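A short write-up of the structure that comes next.
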Amino acid sequence: MCARAAIPAEKRLAASPVPRTGKNLAAFRRALLRWYDRHRRDLPWRKTCDPYRIWLSEIMLQQTRVAAVLEHYRIFLERFPSVEALAAAPEDAVLTAWSGLGYYRRARMLRQCAQELVQNHGGRFPDRAEALRTLPGIGRYTAAAIASIVFEEPTAVVDGNVERVVQRLQGRDLTDQQIWQQAQSFLNTSRPGDFNQSMMELGATVCLPRDPKCPTCPVRKWCVTEQSRPSANRTITMERRASSPGGTLTPSSSRQVKKEIWCVLNQRDGYIRLVQRPRDSSLMPGMWELPQLSRKPHRTTPSAPWRTFRHSITRTDFTVHVHAGRAAAAKGKWIPVASIVGLPITGLTRKILKAAAII
DNA sequence: GAATCGTGGGA
DNA sequence: TTCCCAAGATT
């Protein structure tokens, strides 16, 4: 738990109507926090109260699994140990450290935010969610997460986990507004940061989307969904809310588009041929990748691809044939292999170069 | 409000 | 293999 900041009394005492008695509510909070204290995962951003590190973890974790974040988090902090270091860095350096994590706009806004903090806030983070919310890349969730975890502001977070947990507890569909309201009413205002994390942790490790582990759930006795389950051996999965008001579970289940592409892994004398995506591209702008062929090669040597990868980007499933050798690659630049580590390359490129033992 | 933005892993 | 995602924010 991090140091408490001075929070106005009216906010601390703000009470929303809840469908439980005060006694039940207190027991619910106690049970969840007790479970969190005993079972929470040991994660690096849970060992610090440094707002810079908490902020970085929250941005990296947006739509991204913990396992994918861990290594990037460590390396990013080595490279940019402070807001000042990040603010002073070239954008490409930040993108390089972000390479492979995806959603690269997060990295650019992270740097913009750092610059704004240095220029307008003396390099310090605002301690209230309302103020944090105005910074680049910080939305409603992230603002509340930083404010509650770092500064102990009693404000609830709602992410995908919390949404699912609240819906299950209630056993019915709620609008976004109702979910935020419910989360706020559940909040333990003595330990808001820990309580928020306990709700998310529950969703991430117990109240899973498809196969919730109800028998081990610390708050099952307050859960309408669990109570209505016909048998402990059966699992209830989240039903889709395709067209319900406030429905946010699954955004249009458009099926994946399949595409086949060919690219060239062209090496010579310690150099490799790479091309930079347009700076104004909506997809991975300014990042480097292997030169692509417009269509399947049929007269090249060798004609068979060196290797084939599968890689999905947003809604497109790519089958990527990588051809090795000296195929003419008019586009791109010769890049020294040794300098690739300092270049923002796409996740696919990283995957291929690793498979080729180049990086 | 809907569309968009990456990736790797598990069921 | 295929599908579904995971600690959202922006436009």
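Every value quoted in this text rests on a predicted model; they were computed, and no experiment measured them. Chain naming here is simple, since letters A, B, ... match the order of the sequence lines and numbering starts at 1 in each.
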Can you list the residues that meet the ring-ring contact (aromatic ring centres under 6.0 Å, His included) rule with Phe80(A), with sequence neighbours excluded? Phe76(A)
Distance, P atom - from dG8(B) to dA9(C), rounded to whole angstrom: 23 Å
Indicate whether OP1 or OP2 belonging to dG6(B) is found under 4.0 Å from a side-chain N or O atom of His311(A). no
N/O contacts under 3.5 Å, protein versus nucleotides 9-11 of chain B?
none

Residues of residues 96-109 of chain A with any non-hydrogen atom less than 4.0 angstrom from an atom of DNA chain C: list those, numerically ordered, please. Arg105(A), Met109(A)
Heavy atoms only, 4.0 Å cut-off, all strands: where does Arg310(A) land among base, sugar-phosphate and nothing? base
Does Arg133(A) form a salt bridge (charged side-chain N to carboxylate O under 4.0 Å, His left out) with Glu130(A)? I'd like the steps, not just the answer. CA-CA 5 Å; Arg133(A) 178 75 178 78; Glu130(A) 188 182 348; over 6 Å; no
Looking only at atom C1', what distance separates dG1(B) and dG8(C), rounded to whole Å? 15 Å
Is the Phe28(A) ring parallel, tilted or perpendicular to the Phe186(A) ring (thresholds 30°, 60°)? tilted
Does Asp37(A) come within less than 4.0 Å of Arg191(A), counting only side-chain N to carboxylate O? yes
Would you list the pairs meeting side-chain hydrogen bond (donor to acceptor under 3.5 Å, both in side chains) in which at least one residue belongs to residues 341-359 of chain A, sequence neighbours left out? Ser99(A)-Arg350(A), His311(A)-Lys351(A), Thr346(A)-Thr349(A)
Quick check on contacts: within residues 80-95 of chain A, what sits under 4.0 Å from DNA chain B by heavy-atom distance? none
Checking all strands, does Arg40(A) fall into the base, sugar-phosphate, or nothing category for heavy-atom contacts under 4.0 angstrom? nothing
Atom CD of Gln63(A) to atom C1' of dA3(B): distance rounded to whole Å? 14 Å
Residues within residues 276-283 of chain A bordering DNA chain B, heavy-atom distance below 4.0 Å: Ser282(A), Leu283(A)
Does the distance from Cys223(A) SG to Cys217(A) SG come in under 2.5 Å? no
Would you indicate, yes or no, if dA9(C) has its OP1 or OP2 atom less than 4.0 angstrom from a side-chain nitrogen or oxygen of Arg140(A)? no
In whole angstrom, what separates Arg315(A)'s CZ from dC5(C)'s P? 15 Å
Distance, rounded to the nearest Å, where Met60(A) contributes CE and dC5(B) contributes P: 21 Å
